[in-house]
Amino acid sequence: MSDRLVIFDTTLRDGEQSPGASMTREEKVRIARQLERMRVDVIEAGFPASSIGDFEAVRDVARAVRESTVCGLSRANDRDISRAVEALREARSWRIHTFLATSALHMEKKLRMSPEDVLTQACHAVRFARNHTDDIEFSPEDASRSDIDFLCRVIEGVIEAGARTINIPDTVGYAVPAQLASLIQTLRERVPNSDKAVWSVHCHNDLGLAVANSLAAVMAGARQIECTINGLGERAGNTALEEIVMAVRTRRDFFGLTTGIDATQIVPASKLVSSITGFVVQPNKAVVGANAFAHASGIHQDGVLKSRETYEIMRAEDVGWSANKIVLGKLSGRNAFRQRLGELGIALDSELDLNEAFKRFKELADKKADIFDEDIHALFADAGTHPGADHFRLISMRQHSETGEKPLAELVLMCEGEEHRVSAQGSGPVDATFKAIESVAASQAELVLYSVNAVTSGTESQGEVTVRLSRAGRIVNGVGADTDIIVASAHAYLSALNKLHAVTERFNPQTGEV
Ligand code: KIV
Ligand code: ZN
């Protein structure tokens with residue numbers, strides 16, 4: 001059996017299914033380029049049949065990525081598969097990932113199909129995909145709650161039909177490590193043609209067991225793990241890529257496996273995904289949390305100074321913490337800026353866009369002496385590339401707060417090409433700013449999250465604000481960054497409103513809900 005573990009990243013597909021994490025085409029390409037730089041084996045770029053936007057995003061990723069295999073998800077039907085083929089066709093290497101639920105619960109309540117029909121449809125879908133490519137992955141959705149005899153029959157059938165990767169999803173995060181390991185082992189033993197496929201797992205983190213379950217499956221013979229940056233994903237998320245990669249690498253003595261991942265790209269990838277989606281990384285998160293390598297206690301510090309290994313099992317620089325370096329400053333010119341954008345995988349459509357971005361960079365460099373990669377990414381946090389981005393725009397603002405006085409915010413906003421001067425008082429400057437915006441927007445949205453994080457360290461740092469709004473079941477995140485956190489807050493709120501304003505009709509591949 002191979003000692004190479006395939007890393008399949010689904011940040012752009014399952015990760016994007018978390019409410020509020022939707023990304024624009026340009027953002028998806030930027031993340032895909034970073035995943036490629038990290039040498040991820042397979043990038044699941046989206047679900048092309050869900051909407052025109054998703055189709056175009058997968059196609060753009062397929063065009064942009066040269067080193068990793070680009071994958072598209074499709075339900076097990078001809079139309080979805082054809083759409084995925086069309087979106088992927090320009091990739092240098094591509095894969096179709098098709099799925100159909102096999103648990104009694106899903107077949108009866110969701111699909112309303114008999115087990116025999118599910119078996120027939122699964123095999124038909126793989127055979128249909130086989131007309132277009134050899135690289136086919138099949139997932140029996142909700143496998144960990146499926147009847148084992150039926151699961152064996154379906155898997156045998158789809159391997160016979162041409163599937164080369166069999167992915168076992170723990171769709172609802174119900175499995176525990178020993179059980180998932182035993183499931184993989186049983187399937188490998190009982191499915192007669194099991195040696196014709198690579199075994200994979202896709203775990204959800206509802207019980208906080210996604211990484212443990214995935215590693216247990218690896219011990220039982222799985223050689224592909226599906227995972228996401230920062231563990232982003234539906235509900236409690238998916239298996240965290242950074243934890244899997246570093247577990248396998250740090251404990252090579254135990255697992256005896258390698259991955260192709262360049263681990264120094266992990267922290268930049270984590271920061272990029274967090275800044276684009278507005279999903280903040282908790283400080284104590286393994287590998288990528290701000291405290292993961294901070295030795296706060298005096299005893300630990302003493303130990304680390306004497307000998308690093310006393311309290312450190314990994315080195316911060318090995319996962320990319322030291323990549324946080326000054327890259328540009330006030331005197332940097334357009335060419336240096338353009339070159340760094342290229343290195344960061346930020347593609348601009350025209351010279352006009354470059355001029356606009358360079359202007360924003362210069363404004364930032366006037367306020368802040370040292371510009372880091374994170375600052376450059378933050379410049380594009382709300383670059384206005386999503387549909388509807390221009391509906392609301394901040395022209396200028398000022399706010400006043402003073403001890404014993406009610407804070408006041410005054411804003412000039414553009415709304416559909418018309419200028420509005422608005423002002424409001426609030427319990428604090430942020431509250432006043434949002435109330436002033438709402439006096440024009442009247443969005444009726446509920447603010448469900450407001451958070452501020454420093455993009456880099458020090459008080460000179462830009463503040464990155466995330467605003468999550470909910471309206472009629474639709475949840476969106478807006479992100480804004482500025483050295484003035486009230487201005488960043490206004491940008492984040494307007495960005496969220498613009499996303500709410502944009503009409504998108506994409507739907508969830510598993511539930512079918514919009
Ligand atoms: O969780 C799941 O079952 C999935 C499948 C589509 C693989 O995401
Ligand atoms: Zn999933």
Side-chain angles (χ1 to χ4, degrees), residues 6-19 21-22 42-50 54 58 71-77 80-81 83-84 95-107 109-111 118 121-122 125-126 129 135-146 151 154-155 158 163-175 180 183-184 187 197-211 213-214 217 222 224-241 244 279 506-513:
V6 175
I7 300 296
F8 176 116
D9 181 279
T10 182
T11 306
L12 301 178
R13 197 278 296 170
D14 210 314
E16 207 204 16
Q17 280 173 225
S18 17
S22 69
V42 187
I43 299 173
E44 188 164 55
F47 169 41
S50 71
D54 229 45
V58 174
C71 174
L73 183 72
S74 59
R75 290 167 299 187
N77 65 58
D80 272 27
I81 295 170
R83 251 346 236 161
R95 172 181 294 187
I96 295 288
H97 176 191
T98 187
F99 73 99
L100 192 59
T102 49
S103 67
L105 191 62
H106 277 229
M107 290 189 292
K109 303 276 187 233
K110 182 178 91 167
L111 300 175
V118 165
Q121 186 168 325
V126 172
D135 196 348
I136 300 160
E137 170 169 329
F138 178 80
S139 292
E141 192 190 8
D142 206 18
S144 55
R145 293 192 300 173
S146 300
L151 199 53
V154 172
I155 293 173
V158 295
R164 285 297 160 262
T165 301
I166 297 296
N167 178 49
I168 302 299
D170 181 28
T171 303
V172 291
Y174 181 71
L180 194 63
L183 176 60
I184 297 292
L187 290 171
V198 173
W199 291 82
S200 166
V201 280
H202 172 109
C203 299
H204 279 270
N205 205 29
D206 300 65
L207 294 173
L209 292 171
V211 169
N213 283 338
S214 303
Q224 173 179 287
I225 292 193
E226 300 203 352
C227 44
T228 56
I229 303 291
N230 300 337
L232 197 68
E234 287 258 33
R235 306 181 307 278
N238 287 76
T239 302
L241 177 147
I244 289 295
F279 277 66
R506 64 198 297 278
F507 59 95
N508 183 308
Q510 293 167 265
T511 60
E513 283 160 15

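Order of listing sets the numbers, starting from 1, for every ligand and every atom in it.
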So, [X] versus [Y]: side-chain donor-acceptor pair below 3.5 Å or not?
X	Y	answer
Glu234	Asn508	yes
Ser74	Asp80	no
Ser146	Thr102	yes

Looking at ligand 1, does any of its N/O atoms fall within less than 3.5 Å of an N/O of His204?
yes

Please determine if Ser139 has a nitrogen or oxygen closer than 3.5 Å to a nitrogen or oxygen of ligand 1.
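No, no N or O pair falls under 3.5 Å.
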
For His202, run the side chain to side chain donor-acceptor pair (under 3.5 Å) check against Thr171, Thr10, Asp14, Asn213 and tell me which one passes.
Asp14

Protein heavy atom at shortest distance from [atom]:
atom	value
atom 2 (C) of ligand 1	Gln510 NE2, 3.1 Å
atom 3 (O) of ligand 1	Thr171 OG1, 2.6 Å
atom 6 (C) of ligand 1	Arg13 NH2, 3.7 Å

Could you pull out, from His97, Glu141, Glu137, the option with a heavy atom nearest to atom 7 (C) of ligand 1?
His97

Result of checking Asn238, Asp9, Leu12 against Ile229 for side-chain contact (heavy atoms from CB on, under 4.5 Å):
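Considering Asn238, Asp9, Leu12, a side-chain contact (heavy atoms from CB on, under 4.5 Å) with Ile229 is found only for Asp9.
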
Ignoring hydrogens, what is the shortest heavy-atom contact between Ala197 and Ala163? Give both atom names and the distance.
CB-O, 4.4 Å

Heavy atoms of Phe507 and Gly512 approach each other most closely as CB-O, 3.9 Å

Should the pair [X]-[Y] be classified as a salt bridge under the 4.0 Å nitrogen-to-oxygen rule?
X	Y	answer
Arg75	Glu141	no
Asp142	Arg145	yes
Arg235	Asp206	yes

With a cut-off of 4.0 Å, which atoms of ligand 1 are near a heavy atom of His202?
1 (O), 2 (C), 4 (C), 8 (O)

Ligand 1 to Asp14, heavy atom cutoff 4.0 Å, flagged ligand atoms 8 (O)

Closer than 2.8 Å to the Zn ion (ligand 2), which protein N, O or S atoms?
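Atoms qualifying: Asp14 OD2, His202 NE2, His204 NE2.
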
